[in-house]
Novice: 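The structure that follows is given in the form of structure tokens.
Start at 1 and go down the list; that is how both ligands and their atoms are numbered. One-based numbering along the sequence shown.
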Amino acid sequence: MPPIKLHDKHFEIYLSEAEIQQKVKEIADKINNDYQDLNPLFISILNGSFMFAADLFKHLTIDSEICFIKLASYKGMKSSGHIITAIGLDQDLYNRNVIIIEDIVDTGKTLDVFLPKLHHQQPASLKIAALLHKPEATEKQITIDYLGFSIPNKFVVGYGLDYDGLGRNLKEIYQLTDEA
Ligand code: 5GP
């Protein structure tokens, strides 16, 4: 695939559509195997994970449910920490087998703040499926139970991920090039 330009930046192909689709199918196969008769509840974190969530869900053959949430992040007035609220999380997680669907785990800060909120509702189990992980960017250690690809610490777009709004529609994943 040829390089692309979004706004002012250039990107080159990093993962092809076939590589992504193959990996998504592998993850779905594992989940089908691990969650038989458990009716897992998937929580897809918008916006970036919508495409991964849709493709993954299509490959599931077990009973399963899905909901979509948005995380809003703001600085607390008194605390120096990050506060995250989940918009659209109206399901009761008590005793459910929950699987978070994330597009990418970068520093790990988002999930580090969000996961304890979910644990608070006492799900039977709580696992994470992430398409991409940047190990070199890790600030908060997050265990990813179902991982697509470990990638270098470079900005990526495509397959749901954007650069300033653009690029989500791409079937492939592209990496920022070094050229200006
Ligand atoms: P974390 O809290 O793990 O640092 O950040 C996770 C979120 O940051 C992801 O869900 C995603 O929205 C955004 N993000 C991190 N790295 C990238 C990247 O390379 N490209 C894009 N488009 N978004 C990213």
Novice: Counting only heavy atoms and a distance below 4.0 Å, can you name the residues contacting ligand 1?
Specialist: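 For ligand 1, the residues that come within the 4.0 Å heavy-atom cutoff are Glu102, Asp103, Ile104, Val105, Asp106, Thr107, Gly108, Lys109, Thr110, Lys134, Lys154, Phe155, Val156, Leu161, Asp162.
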Novice: Would you compute the distance between atom CD of Gln22 and atom CD1 of Ile27 and round it to the nearest 0.5 angstrom?
Specialist: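 Here the interatomic distance stands at 10.5 Å.
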Novice: Can a salt bridge be assigned to the pair Lys58 and Asp55 using a cut-off of 4.0 Å between side-chain N and carboxylate O?
Specialist: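 Counted as a salt bridge, because a side-chain N and a carboxylate O are separated by less than 4.0 Å.
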Novice: Residues sharing Phe155's hydrophobic cluster, by side-chain heavy-atom contacts under 4.5 Å among ILVMFWY, directly or via others?
Specialist: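 ILVMFWY cluster around Phe155 also holds Met1, Ile4, Leu6, Phe11, Ile13, Val157, Tyr163, Leu166, Leu170, Tyr174, Leu176.
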Novice: What pairs with Asp92 under side-chain hydrogen bond (donor to acceptor under 3.5 Å, both in side chains), at least two apart in sequence or on another chain?
Specialist: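 Asp92: no side-chain hydrogen bond (donor to acceptor under 3.5 Å, both in side chains) contacts found.
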Novice: Who pairs with Phe50 by side chain to side chain contact (heavy atoms under 4.5 Å, CB included), at least two apart in sequence or on another chain?
Specialist: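 Residues passing side chain to side chain contact (heavy atoms under 4.5 Å, CB included) with Phe50: Leu46, Arg168.
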Novice: Can you name the nearest heavy-atom pair linking Asn97 to Ala124, along with the distance?
Specialist: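 Taking Asn97 first and Ala124 second, the nearest heavy atoms are OD1-CB, 3.8 Å.
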